[in-house]
Q: 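One structure is given below, represented as structure tokens, and several questions about it will come after.
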Amino acid sequence: MVDTEVIVVGAGPVGLTAAVELARRGVRCRVIDALPEPPRYAKAVGIQPRTLEVFEGLGVLREVLDAAEQMRGQIVYVDGAEVARLELTLPPGIPYRFVGLPQYLTERILCERLATTGVAVERGTRLTTFEQDGEGVTAVFADADGERTVRARYLVGCDGAHSVVRKTLGLSFEGAAFAEQYMLGDVELDWSQPRGYGVRSTRRVDGGADDLLVCIPLPGRGRYRVSMLVPDELALAPTAGRIEHGFEGGRKPELRHIQAVLDRLSPEPVTAANLRWSSVFRISHRIVDTYGRGRVFVAGDAAHIHPPTGAQGMNTGIQDAHGLAWKLAAAVAGVDAAGLLDSYDAERRPVGAEVVGRTVRSAREGIGAGESDPARVILREAQLSIDYGDSPLVASVKDSLDPRPGIRAPDAAGLTRAVAVFAVDLFSLLAGPDHTLLLYAGEDVDRDGLGALERLAAAARVAAHGRLDSYLVAAPGAAVETTRLPVIRDSETDFARVYAAVSGAAYVVRPDGYLGYVNRTPDVNDVTSYLKTTFR
């Protein structure tokens, strides 16, 4: 007997994403957080285009975009002179841009979404310890009323850099700490810098770290999250044997401390006002040896910590949770293939390791420093170039395919269906909780061809235990009126172009939006064999 199916420890953006993804798949879960109230500060502030795509599936995109500020680029100053201007320009076909939103608002939006599923965060509740066996996890919760034991099938630790889950599981967390300490503040600046642009300003200092100022725009008139090196009077003594990462210290930077740095480094005279929040901040860079053992997993800062450069941390953690939850849901339902949960570490740990290494370099040298392809840098920072091509859940490529299995499924515009007046994009069809099979019918499709596609769709749904939606994407003139499949008309031929589609082609998109299977001449056995890597 279990009290719940999944325990999620931590109610930050990562834990809330995991819980929403589980709950919308019908998985019973409990979410606990040691803090009695949600934090009220702007910890993480940047949301990447890929994360906005995730939020579309979670059903929170409108609320996020309503509250967010568009991030347009970054201006870099060295010794008072502008030396670079990075424009956050994405190629056509990417549906969303970069935005800034204080983390407490992101958490509020996700928490309200979670409440619609009937799940409430249990605040002021700590995980003290847990044990696992072959059937589940026995956890001990502690709150103001004492301790109690809770039995679950799985446990997910989203409890931050000082994770109790990680420590109890015995995972290593190798890495190091930056010698420098920083201070952060949420202020208003009365300057003429262009709206939506971050500012990075440095001044060379002999014999030490360069003096540094970073200003990230937030929603609101002239509002920024500023970060800078901490003055000696606020510096914290190193703590032996303790992970030094995150907000620390009882002494808070005051407006005068922030103004002193602005006076030294701002590209123009500016006055800081309306200090909403401030803190001293220390940075480490570490990653666990594995993202899970047995029935217990870690995600977000519990698995990887690194400099905040490029707003990669929260976004990487959200996508950890997004990639884990659909696999956990299959395991809870008993339809998972052997090794499905192991694929979480196989797919996400290489991503985490790359982010840790890259953000350390970016913190020292600036984003994209020394690289010759700005477009590639932007796609990577947007987290749109993640590739699971080596994953056991991705079909091998027999020939040259573009797009190929393992990459994010591209969006396509101008799709229509018989009962809808307005066109939609492909992502609106992929927002459900299950796998999606896309079958393409060209202008030359005949009755036999349609029959073959229908049989393939039926077999795929059986192989996926019903957890798969199928659509027939039809060329503008394709005669598909007799089919029993839902028809999506490729009215502007954008799908055919983006997917290099030929009649009879099949594409399986996983619940996390990545292509798992691409074949332009598929057969039933090939498709069902692929699905058996995920479903038993």
Side-chain angles (χ1 to χ4, degrees), residues 44-53 70-94 96-100 175-176 178 180 182 193-194 196-204 209-217 227 265 267 283-287 304-317 319 347-390 402-404 406-408 410 514:
V45 299
I47 301 179
Q48 308 294 357
R50 176 60 190 147
T51 303
L52 292 177
E53 295 173 0
Q70 183 177 356
M71 301 279 288
R72 302 177 186 276
Q74 184 183 66
I75 307 171
V76 180
Y77 296 88
V78 175
D79 296 334
E82 181 178 333
V83 298
R85 186 173 291 229
L86 177 67
E87 301 288 344
L88 296 177
T89 303
L90 290 165
I94 306 300
Y96 307 113
R97 301 299 183 244
F98 298 80
V99 300
F178 276 44
E180 303 86 5
Y182 299 85
Q193 295 295 303
Y197 282 80
V199 170
R200 177 186 172 92
S201 179
T202 59
R203 192 173 298 277
R204 297 182 180 92
D210 288 352
D211 207 357
L212 173 70
L213 167 69
V214 177
C215 305
I216 304 298
S227 60
L265 294 177
I283 297 173
S284 293
H285 47 96
R286 298 175 182 271
I287 189 166
H304 46 78
I305 55 176
H306 43 79
T309 314
Q312 299 295 296
M314 180 186 75
N315 292 272
T316 301
Q319 290 171 60
E347 291 182 349
R348 292 304 300 174
R349 191 179 183 282
V351 173
E354 190 276 334
V355 168
V356 170
R358 171 162 46 92
T359 54
V360 170
R361 293 191 301 273
S362 295
R364 300 295 191 194
E365 305 167 16
I367 295 172
E371 300 191 54
S372 59
D373 186 352
R376 177 178 175 273
V377 170
I378 294 300
L379 284 173
R380 186 187 63 204
E381 296 298 316
Q383 301 200 347
L384 293 167
S385 55
I386 292 170
D387 190 340
Y388 294 147
D390 294 331
D402 186 21
R404 58 181 173 78
I407 69 168
R408 159 192 168 273
Y514 287 84

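Everything quoted here is computed from the prediction, not taken from an experiment.
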Q: For Asp373, give me all partners under side-chain contact (heavy atoms from CB on, under 4.5 Å), at least two apart in sequence or on another chain.
A: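 Result, side-chain contact (heavy atoms from CB on, under 4.5 Å) vs Asp373: Ala375, Arg376.
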
Q: Quick check: do Val45 and Met314 have side-chain heavy atoms less than 4.5 Å from each other?
A: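 Not in contact.
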
Q: Using atom types as modelled and distance alone, determine if a side-chain donor or acceptor of Asn315 lies under 3.5 Å from a backbone N or O of Gln48.
A: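 Present.
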
Q: Can you tell me how far the NE2 atom of His304 sits from the CD1 atom of Ile287, to the nearest 0.5 Å?
A: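 Here the interatomic distance stands at 7.0 Å.
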
Q: For Val78 and Arg204, run side-chain contact (heavy atoms from CB on, under 4.5 Å): C-alpha distance rounded to whole Å, both residues' side-chain angles, the deciding distance at 0.1 Å, then the answer.
A: CA-CA 8 Å; Val78 175; Arg204 297 182 180 92; 3.5 Å; yes

Q: So, using side-chain hydrogen bond (donor to acceptor under 3.5 Å, both in side chains) as the criterion, who are the partners of Gln319 when residues are at least two apart?
A: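 Once residues adjacent in sequence are excluded, the partners of Gln319 under the side-chain hydrogen bond (donor to acceptor under 3.5 Å, both in side chains) criterion are Thr51, Gln383.
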
Q: Can you name the residues that form a side-chain contact (heavy atoms from CB on, under 4.5 Å) with Val214, not counting sequence neighbours?
A: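 If we apply the side-chain contact (heavy atoms from CB on, under 4.5 Å) test to Val214, skipping adjacent residues, the hits are Arg200, Leu212, Ile216, Ser227.
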
Q: For Arg97, check salt bridge (Lys or Arg N to Asp or Glu O under 4.0 Å) against everything at least two apart and list the hits.
A: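 Partners of Arg97 under the salt bridge (Lys or Arg N to Asp or Glu O under 4.0 Å) test: none.
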
Q: Tabulate below the donor-acceptor pairs under 3.5 Å that side-chain atoms of residues 86-94 make, not counting sequence neighbours, or state none.
A:
from  : atom 1 : to     : atom 2 : distance (Å)
Glu87 : OE1    : Tyr197 : OH     : 2.6
Glu87 : OE2    : Tyr197 : OH     : 3.3

Q: Does any N or O in the side chain of Arg348 come within less than 3.5 Å of the main-chain N or O of Thr316, such that one atom is a donor and the other an acceptor?
A: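 Pair found, side chain donor or acceptor close to backbone of Thr316.
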
Q: For the residue pair Pro267 and Gln193, establish whether any side-chain heavy-atom pair is separated by less than 4.5 Å.
A: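 Counting from C-beta outward, Pro267 and Gln193 do come under 4.5 Å.
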
Q: How long is the straight-line distance from CD1 of Ile378 back to CZ of Phe98, given to the nearest 0.5 Å?
A: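 It is 5.0 Å, given to the nearest 0.5 Å.
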
Q: Under the side chain to side chain donor-acceptor pair (under 3.5 Å) test against Arg380, which residue among Gln312, Glu371, Glu354 passes?
A: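 When side chain to side chain donor-acceptor pair (under 3.5 Å) is applied between Arg380 and each of Gln312, Glu371, Glu354, only Glu371 qualifies.
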
Q: Name all residues meeting the side-chain hydrogen bond (donor to acceptor under 3.5 Å, both in side chains) criterion together with Gln74; count only those two or more places apart in sequence or in a different chain, and write none if there are none.
A: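 Counting only residues at least two positions away or on another chain, Gln74 forms no side-chain hydrogen bond (donor to acceptor under 3.5 Å, both in side chains).
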
Q: List for me each residue that meets side-chain hydrogen bond (donor to acceptor under 3.5 Å, both in side chains) alongside Arg408, sequence neighbours excluded, and say none if there are none.
A: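 side-chain hydrogen bond (donor to acceptor under 3.5 Å, both in side chains) list for Arg408, sorted by chain: Glu53.
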
Q: Looking at Ile283 and His306, what are the two nearest heavy atoms and their distance?
A: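 Where Ile283 meets His306 most closely, the heavy atoms are CG2-C, 4.1 Å.
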
Q: Measure across Pro307 and Ala363 and return the closest heavy-atom pair with its distance rounded to 0.1 Å.
A: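 Shortest heavy-atom contact: CB-CB, 3.8 Å.
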
Q: Could you tell me the separation between the CD1 atom of Ile305 and the OG1 atom of Thr359, rounded to the nearest 0.5 Å?
A: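 The CD1 atom of Ile305 sits 10.5 Å away from the OG1 atom of Thr359.
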
Q: Can you list the residues that meet the ring-ring contact (aromatic ring centres under 6.0 Å, His included) rule with Tyr388, with sequence neighbours excluded?
A: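 Partners of Tyr388 under the ring-ring contact (aromatic ring centres under 6.0 Å, His included) test: Tyr514.
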
Q: Backbone N or O of Leu265 within a donor-acceptor pair of the Ser201 side chain at under 3.5 Å?
A: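 Between the backbone of Leu265 and the side chain of Ser201 there is a qualifying donor-acceptor contact (under 3.5 Å).
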
Q: With sequence neighbours left out, write down each residue that passes side-chain contact (heavy atoms from CB on, under 4.5 Å) with Ser362, or none if nothing qualifies.
A: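 Here the qualifying residues are Thr309, Arg358, Ile367.
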
